[in-house]
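All of these numbers come straight from a predicted model, not from anything done at the bench. Residue numbers count from 1 along this sequence. Just so you know, these numbers use all the heavy atoms, side chains as well, and skip hydrogens, waters and symmetry mates.
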Amino acid sequence: LAQDSCGSPHWSCCSLFVMSAGCRLTQLFHQYVQQTRAQNSFSSIISKRLTFLSSADNLKRGSFQFPLHQSDCHAFAVAQEGQTVHGGVIATVVEDATTMHICANDARSRKAVTTDLNLTYVGIGKVGRTLQIDTKILKIGGVMGVAEAEVTDITSGKLIAVGRHSMMFVGEDGSALKFAQSLNSVFDV
């Protein structure tokens, strides 16, 4: 396997290797995949296809990819128009990727809740294409974290959406890891 800039293997939820101690974003991605499956959460559909590619600039930038499938289509999409993907799918991918990125940059390893999420769609996601989600940390403070994301179609290179996500840190120090630690003894995901 190739290695990302944290020294951890590139992997998606479908990889079967055991992750060694890598960068914090890799660890949170692993936890995200486990947790969404164990809880059958809203994001479980996203976590089955989202791939973490790399992080850079001392964990200030991250890259993810997400292939678009027929099940991502808007209910009113017409086949001859190219099967347009629902904006809510793109919003969820952006929220999940930026959540992991913000939490990975919290030195106290706390959980976080969304206080604001906004997206501007400037293009159309189409079935059969893959989206590149590039995240960037704008600010990490004692109470809040803010990240932005650019979503592009990797085939055409066209910008699909831009977004900004603000989160408030909650919980005790180290609370972001407690769920994943309890899963290790209960689930073999």
Side-chain angles (χ1 to χ4, degrees), residues 1-2 4 8-17 19 25-55 61-104 112-114 116-136 147-167 179-180 183 187-189:
L1 292 170
D4 68 23
S8 301
H10 290 233
W11 75 291
S12 71
C13 61
C14 301
S15 297
L16 299 175
F17 68 88
M19 184 182 65
L25 189 50
T26 302
Q27 293 170 340
L28 282 175
F29 183 79
H30 178 67
Q31 176 180 337
Y32 160 77
V33 170
Q34 285 186 317
Q35 194 164 334
T36 58
R37 287 183 180 181
Q39 295 178 337
N40 195 26
S41 76
F42 179 78
S43 291
S44 64
I45 293 169
I46 303 299
S47 73
K48 291 175 183 172
R49 288 183 273 145
L50 186 64
T51 302
F52 170 63
L53 298 177
S54 66
S55 65
R61 294 184 182 274
S63 293
F64 301 81
Q65 284 187 352
F66 185 76
L68 299 173
H69 291 175
Q70 181 65 37
S71 61
D72 302 326
C73 283
H74 194 280
F76 300 109
V78 179
Q80 56 265 40
E81 293 176 357
Q83 296 296 334
T84 305
V85 171
H86 194 291
V89 172
I90 295 171
T92 303
V93 170
V94 167
E95 182 172 19
D96 288 358
T98 54
T99 294
M100 288 182 271
H101 201 170
I102 289 169
C103 290
V113 295
T114 298
D116 184 56
L117 175 67
N118 66 72
L119 272 85
T120 300
Y121 298 92
V122 295
I124 299 170
K126 294 189 177 185
V127 171
R129 304 283 181 93
T130 298
L131 300 180
Q132 173 88 19
I133 303 91
D134 292 315
T135 59
K136 178 183 174 185
E148 65 182 9
E150 286 190 357
V151 180
T152 55
D153 179 322
I154 63 169
T155 302
S156 68
K158 291 183 180 179
L159 185 65
I160 303 298
V162 292
R164 183 168 287 181
H165 189 189
S166 300
M167 300 191 81
F179 185 85
L183 279 180
F187 297 100
D188 183 24
V189 180

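- The shortest distance between side-chain heavy atoms of Met100 and Leu50 falls below 4.5 Å.
- Residues Ala91 and Tyr121 approach most closely at CB-OH, 3.6 Å, considering heavy atoms.
- Looking only at side-chain heavy atoms (C-beta outward), Arg49 and Asp72 come within less than 4.5 Å of each other.
- Under the rule for a side-chain contact (heavy atoms from CB on, under 4.5 Å), the partners of Thr114 that lie at least two apart in sequence or sit in another chain are Glu95, Leu117, His165, Met167.
- Residues Val151 and Val94 approach most closely at CG2-CG2, 3.5 Å, considering heavy atoms.
- Put simply, the side chain of Asp96 does not reach to within 4.5 Å of the side chain of Ser47, judged on heavy atoms.
- Judged purely by atom type and a 3.5 angstrom limit, His69 has no side-chain atom pairing as donor or acceptor with the backbone of Ser71.
- Taking the side-chain hydrogen bond (donor to acceptor under 3.5 Å, both in side chains) definition, one finds that Glu150 meets it with nothing, sequence neighbours left out.
- Here the side chains of Val93 and Ile133 are in contact, with some heavy-atom distance below 4.5 Å.
- Distance check, rounded to the nearest 0.5 Å: CD of Gln132 to CG of Leu53 gives 5.5 Å.
- Ser43 and Thr36 make their closest contact through CB-CG2, 3.8 Å (heavy atoms, listed as atom of the first residue, atom of the second, distance).
- Counting heavy atoms from C-beta on, the side chains of Tyr32 and Phe52 never come closer than 4.5 Å.
- Shortest non-hydrogen contact noted between Arg61 and His101 is C-CE1, 3.3 Å.
- In plain terms, the two heavy atoms of Ile124 and Ile160 that are nearest each other are O-CD1, 3.3 Å.
- Between Lys126 and Asp153 there is no side-chain heavy-atom pair separated by less than 4.5 Å.
- Heavy atoms only, all atoms of each residue included: Leu28 and Ala104 are closest at CD1-N, 3.2 Å.
- Distance check, rounded to the nearest 0.5 Å: OG1 of Thr152 to CG of Asp134 gives 6.0 Å.
- Interatomic distance, Phe29 CZ to Thr51 OG1, rounded to the nearest 0.5 Å: 6.0 Å.
- With rounding to the nearest 0.5 Å, the separation of CG in Asn118 from CZ in Arg164 is 7.5 Å.
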